[in-house]
Amino acid sequence: MNTALPRKELFDLPDGLIYLDGNSLGPLPRSVAATVSRVVTEQWGTQLIRGWNQSRWMQQPGRVGDIVAGLLGAPDGSVMMGDTLSIKVFQALAASLPLRPDRRVILSDTGNFPTDLYMAQGLVESLGQGHELRVVEPEAVEAAIDDSVAVVMLTHVDYRTGRLHDMDGITALTHQVGAISLWDLAHSAGAVPLDLTATGCEYAVGCTYKYLNGGPGSPAFIYVRPDMIELTRPALAGWMGHAAPFAFDPRYQPAMSIERMRVGTQPVIQTSALEAALEVWEGVDMQDIRDASIQLSERFIKEVEARCPELRLASPRAAAQRGSQVSFAHEHGYAVMQALIDAGVIGDFRAPDIMRFGFTPLYLDEDDVIRAASILQEILADRRWDEPRYRVVNAVT
Ligand SMILES: *Cc1c(COP(=O)(O)O)cnc(C)c1O
């Protein structure tokens with residue numbers, strides 16, 4: 001059975017390549033190049049500064065935010081684009097702590113992406129108010145949620161293993177103890193169905209260059225629950241988030257809308273690339289994506305386990321507990337992955353021994369998955385990975 005949604009033709013992928021790394025950098029949607037070229041030549045080139053009004057660059061971060069909101073199960077006016085995910089993590093965390101002034105604990109887990117933890121560490125140090133970043137094992141998060149916790153900051157899908165947290169359950173527990181719930185959706189947006197309104201978390205953040213295919217360096221997003229917007233103090237009080245940026249008031253006054261989460265000038269060209277990339281989601285039901293992604297990943301696990309007994313599944317076996325990626329561990333995972341990439345199957349590697357494969361049904365089908373498993377089998381069987389050139393570690397793995 002072919003599980004591909006009829007969207008493959010919307011992407012510009014090199015012939016013969018099997019791309020299993022859309023969880024790290026999504027491929028190029030066909031609509032993007034023409035849009036970017038038009039923005040550069042017609043808008044920037046011809047309109048120059050007038051582009052801010054004529055092409056509505058000023059409204060772009062909120063306009064694109066509304067499109068992203070649709071994929072997060074969030075209402076219009078609750079999502080703002082801009083900056084990088086690291087900055088959005090800082091912004092959301094810095095907004096959360098003053099909301100619980102009598103508490104000092106930021107709770108997170110060892111499955112979180114390091115930058116999220118680093119941003120928390122940096123914030124704690126800058127505040128100098130005795131906050132503590134408490135990092136527990138992913139399985140211990142629920143038990144660690146108590147009334148010392150100001151904010152529970154977790155990444156929904158573990159970047160190494162694909163393990164999925166129970167977002168609704170953990171948010172409910174968080175609220176039971178009176179803490180703030182902050183979710184990082186870097187590996188969830190565009191991969192799994194989300195309903196932020198039903199989840200009820202105060203804040204969520206994520207990037208757009210993974211499953212949302214916005215291109216390298218595309219802007220991040222921040223969601224603020226609508227009733228929290230006016231209570232959210234922007235620690236990064238930039239002029240674009242001011243109530244009236246062009247009043248040039250020396251005193252900061254935040255906008256009374258999600259606009260207050262803007263900081264400075266957005267990358268207009270990259271945000272335009274993202275806006276064009278988001279067209280591939282028109283008419284797509286995230287539940288169809290999820291169903292197809294599970295079929296593809298189940299098939300991949302079955303094929304790999306049958307063909308490559310030396311690999312150990314590093315992701316949860318139950319599909320309901322995984323995001324849209326599958327990881328296998330191998331002692332020489334880095335070298336095996338380099339040989340695999342050389343053979344036209346692109347995945348990636350995360351230390352110490354994890355080979356990651358992302359499944360994006362928009363442009364992958366069951367034939368791709370079977371072919372990828374068969375090439376992986378060949379590489380392991382003839383030990384091609386054992387060539388010295390596959391052990392040279394690149395800057396980006
Ligand atoms: C990809 C990823 C990031 C990357 O942050 P940038 O600021 O965009 O470089 C951060 N956190 C998580 C959980 C991620 O998966």
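One-based numbering, in listed order, for ligands and for the atoms of each.
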task = Please state whether Lys88 comes within less than 4.0 angstrom of ligand 1, counting heavy atoms only.
result = no
request  = Name the orientation class of the two ring planes belonging to Phe300 and Phe357 (parallel below 30°, tilted from 30 to 60°, perpendicular beyond 60°).
outcome  = tilted
request  = Examine the proximity of ligand 1 to Val89 and report which part, side chain or backbone, both or neither, has a heavy atom under 4.0 Å away.
outcome  = neither
inquiry  = Are any of the N/O atoms on Lys210, whether in the backbone or the side chain, positioned under 3.5 angstrom from an N/O atom of ligand 1?
reply    = yes
ask   = Under 3.5 Å, is there a donor-acceptor pair between the Gln47 and Ser55 side chains?
value = yes
task = Using distance alone, determine whether Tyr209 and ligand 1 share an N or O pair under 3.5 Å.
result = yes
key: Under 3.5 Å side-chain donor-acceptor pair for Glu310 and His332   = no
task = Please indicate whether any nitrogen or oxygen in His187 is less than 3.5 Å from any nitrogen or oxygen in ligand 1.
result = yes
message = Quick one about Thr35 and Glu275 (side-chain donor to acceptor, distance below 3.5 Å, no hydrogens or angles considered), yes or no?
response = no
ask   = Hey, is ligand 1 close enough to Thr115 that some N/O pair sits below 3.5 Å?
value = no
task = List every atom of ligand 1 that sits less than 4.0 Å from any heavy atom of Thr155, numbering the atoms from 1 in the order shown and giving each element.
result = 13 (C)
inquiry  = Could you identify the single nearest non-hydrogen protein atom to atom 11 (N) of ligand 1 and state the distance to 0.1 Å?
reply    = Asp116 OD1, 2.7 Å
ask   = Under the ring-ring contact (aromatic ring centres under 6.0 Å, His included) criterion, do Phe246 and Trp52 qualify, and how do the steps go?
value = CA-CA 12 Å; Phe246 284 85; Trp52 284 98; 8.2 Å; no
inquiry  = On a heavy-atom basis, which atom in Ser324 and which in Phe359 lie closest, and how many Å separate them?
reply    = OG-O, 2.6 Å
ask   = For ligand 1, which atoms, with element, lie under 4.0 Å from some heavy atom of Asp184?
value = 11 (N), 12 (C), 13 (C)
request  = Would you mind finding which of Leu85, Asp158, Thr84, Asp83 brings a heavy atom closest to atom 5 (O) of ligand 1?
outcome  = Leu85
task = Number the atoms of ligand 1 from 1 as they appear, then name those within less than 4.0 Å of a heavy atom of Ala186, with their elements.
result = 12 (C), 13 (C), 14 (C), 15 (O)
inquiry  = Do Asp291 and Gln295 pair up side chain to side chain, a donor and an acceptor below 3.5 Å, judged on atom types alone?
reply    = no
query = So, Thr161 versus Ser315: side-chain donor-acceptor pair below 3.5 Å or not?
reply = no
